[in-house]
Amino acid sequence: MVPPTRQRLIEAANHRFYRDGFRGVGIDQILDDVGISKTAFYKHFESKEDLVLEVLRHHDRWWRDAFRRMVRQRGGDTALGQLKALMDVVAEVIESDEYRGCFFVNVSMEFPLPHDPAHVAAAESKRSIEEFVRDLATQAGAADPAALAEDLCLVMEGAYVTQQVACGNRTARIARRIGERLIAAYVPGAGAAENSIGRA
């Protein structure tokens with residue numbers, strides 16, 4: 001069981017890192033939020049880097065569960081319905097008032113070296129989402145589940161970044177349109193009216 005103080009540190013750091021950046025937040029700010037001393041902090045974490053990695057693990061577990069739950073809620077019981085709901089979930093995320101970019105894209109930008117443990121954690125989280133989408137594509141009968149998962153995840157990532165940079169109101173609509181065309185192209189009978197990726 002996670003000790004209360006340790007959990008408070010993780011949650012406070014998660015909030016701070018997402019809002020202000022990983023490198024821009026010092027330990028003292030997190031300690032002030034939690035109301036503990038550095039001595040107390042070091043009983044739970046060896047360093048800020050140790051805390052960062054634990055926050056990434058914590059956020060990854062939360063996001064995997066939340067993403068799957070949102071997809072099921074919006075897509076229903078069928079794999080095809082859940083595939084079609086992916087971009088609805090993305091829209092819900094990026095149109096939130098609290099949206100400050102994808103947590104793990106932000107991580108990878110602040111820790112750009114591929115071998116950095118934080119970057120590795122971000123990449124692993126992205127792979128887990130792609131695996132989930134690939135499983136849905138397989139269950140839905142896609143002709144090439146791996147390719148469809150790659151394509152849909154690339155659209156999702158593009159939506160996350162585009163919304164963060166441009167802050168426009170068309171990002172979700174464009175992502176839905178592309179997602180529908182991709183699913184129609186890969187899954188037999190998924191969308192007879194939109195059976196070509198290149199159809200306008």
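Owing to the predicted nature of the structure, the values given are computational and were not obtained by experimental measurement.
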**Student:** Extract all donor-acceptor atom pairs below 3.5 Å that involve side chains of residues 114-121 and protein atoms in other chains or at least two apart in sequence.
**Tutor:**
| residue | atom | partner | partner atom | Å |
| --- | --- | --- | --- | --- |
| Asp116 | OD1 | Ala118 | N | 2.9 |
| His119 | ND1 | Phe111 | O | 2.7 |

**Student:** Could you tell me whether the side chain of Arg68 reaches within less than 4.5 Å of the side chain of Gln82, counting heavy atoms only?
**Tutor:** no

**Student:** Under the salt bridge (charged side-chain N to carboxylate O under 4.0 Å, His left out) definition, can you give me all pairs with a residue in residues 41-50, not counting sequence neighbours?
**Tutor:** none

**Student:** Could you please spell out the steps behind the salt bridge (charged side-chain N to carboxylate O under 4.0 Å, His left out) verdict for Arg8 and Glu11?
**Tutor:** CA-CA 5 Å; Arg8 285 163 53 211; Glu11 291 174 357; over 6 Å; no

**Student:** For the CZ atom on Arg61, are there more than 12 heavy atoms of other groups (residues, nucleotides or ligands in this structure) within a distance under 6.0 Å?
**Tutor:** yes

**Student:** Ring centroids only, cut at 6.0 angstrom: are His59 and Phe104 within range, meaning strictly under it?
**Tutor:** yes

**Student:** For Glu92, which residues count as a side-chain hydrogen bond (donor to acceptor under 3.5 Å, both in side chains) partner, sequence neighbours excluded?
**Tutor:** Arg74

**Student:** Give a yes or no on whether Asp77 atom CG has more than 12 heavy-atom contacts from other residues, nucleotides or ligands under 6.0 Å away.
**Tutor:** no

**Student:** With sequence neighbours excluded, give me every salt bridge (charged side-chain N to carboxylate O under 4.0 Å, His left out) pair touching residues 21-32.
**Tutor:** Asp28-Lys38

**Student:** Return each pair, listed once, that meets salt bridge (charged side-chain N to carboxylate O under 4.0 Å, His left out) where at least one residue sits in residues 157-169; pairs must be two or more places apart or across chains.
**Tutor:** Lys126-Glu157

**Student:** Using modelled atom types only, decide if a donor and an acceptor are shared between the side chain of Gln139 and the backbone of Ala79 within a distance under 3.5 Å.
**Tutor:** no

**Student:** Can you tell me if CE on Met109 sees more than 12 non-hydrogen neighbours from other groups inside 6.0 Å?
**Tutor:** no

**Student:** Leu56 vs Phe103, test: side-chain contact (heavy atoms from CB on, under 4.5 Å). Steps then yes/no.
**Tutor:** CA-CA 9 Å; Leu56 294 179; Phe103 194 89; 3.6 Å; yes

**Student:** Kindly give the cluster partners of Leu113, where membership spreads through any ILVMFWY side chain lying under 4.5 Å from a current member.
**Tutor:** none

**Student:** Do Ile30 and Phe17 come within less than 4.5 Å of each other through their side chains, counting heavy atoms only?
**Tutor:** yes

**Student:** Under 3.5 Å, which donor-acceptor pairs link side chains of residues 127-137 to any protein atom two or more places apart or in another chain?
**Tutor:**
| residue | atom | partner | partner atom | Å |
| --- | --- | --- | --- | --- |
| Ser128 | OG | Arg64 | NE | 3.3 |
| Ser128 | OG | Ser125 | O | 2.7 |

**Student:** Sequence neighbours excluded, which residues qualify as salt bridge (charged side-chain N to carboxylate O under 4.0 Å, His left out) partners of Asp20?
**Tutor:** Arg16

**Student:** My understanding is that a hydrophobic cluster links ILVMFWY residues whose side chain heavy atoms are under 4.5 Å apart, including indirect links. Using that, what else belongs to the cluster containing Leu154?
**Tutor:** none

**Student:** Looking at residues at least two apart in the chain, or sitting in another chain, which of them share a salt bridge (charged side-chain N to carboxylate O under 4.0 Å, His left out) with Arg69?
**Tutor:** none

**Student:** For the backbone of Gly101 and the side chain of Tyr18, can you confirm whether one donor and one acceptor N or O come within less than 3.5 Å of each other?
**Tutor:** yes

**Student:** Could you list the residues that satisfy side-chain hydrogen bond (donor to acceptor under 3.5 Å, both in side chains) with Glu95, not counting sequence neighbours?
**Tutor:** none

**Student:** Below 3.5 Å, can you tabulate the donor-acceptor pairs from side chains in residues 158-168 to any protein atom, sequence neighbours excluded?
**Tutor:**
| residue | atom | partner | partner atom | Å |
| --- | --- | --- | --- | --- |
| Thr162 | OG1 | Gly158 | O | 2.7 |
| Gln163 | OE1 | Thr171 | OG1 | 3.0 |
| Gln163 | NE2 | Gly168 | O | 3.1 |
| Gln164 | NE2 | Arg100 | O | 3.3 |
| Gln164 | NE2 | Asn106 | OD1 | 3.2 |

**Student:** State, yes or no, whether a side-chain contact exists between Ile27 and Phe45 at a heavy-atom distance under 4.5 Å.
**Tutor:** no

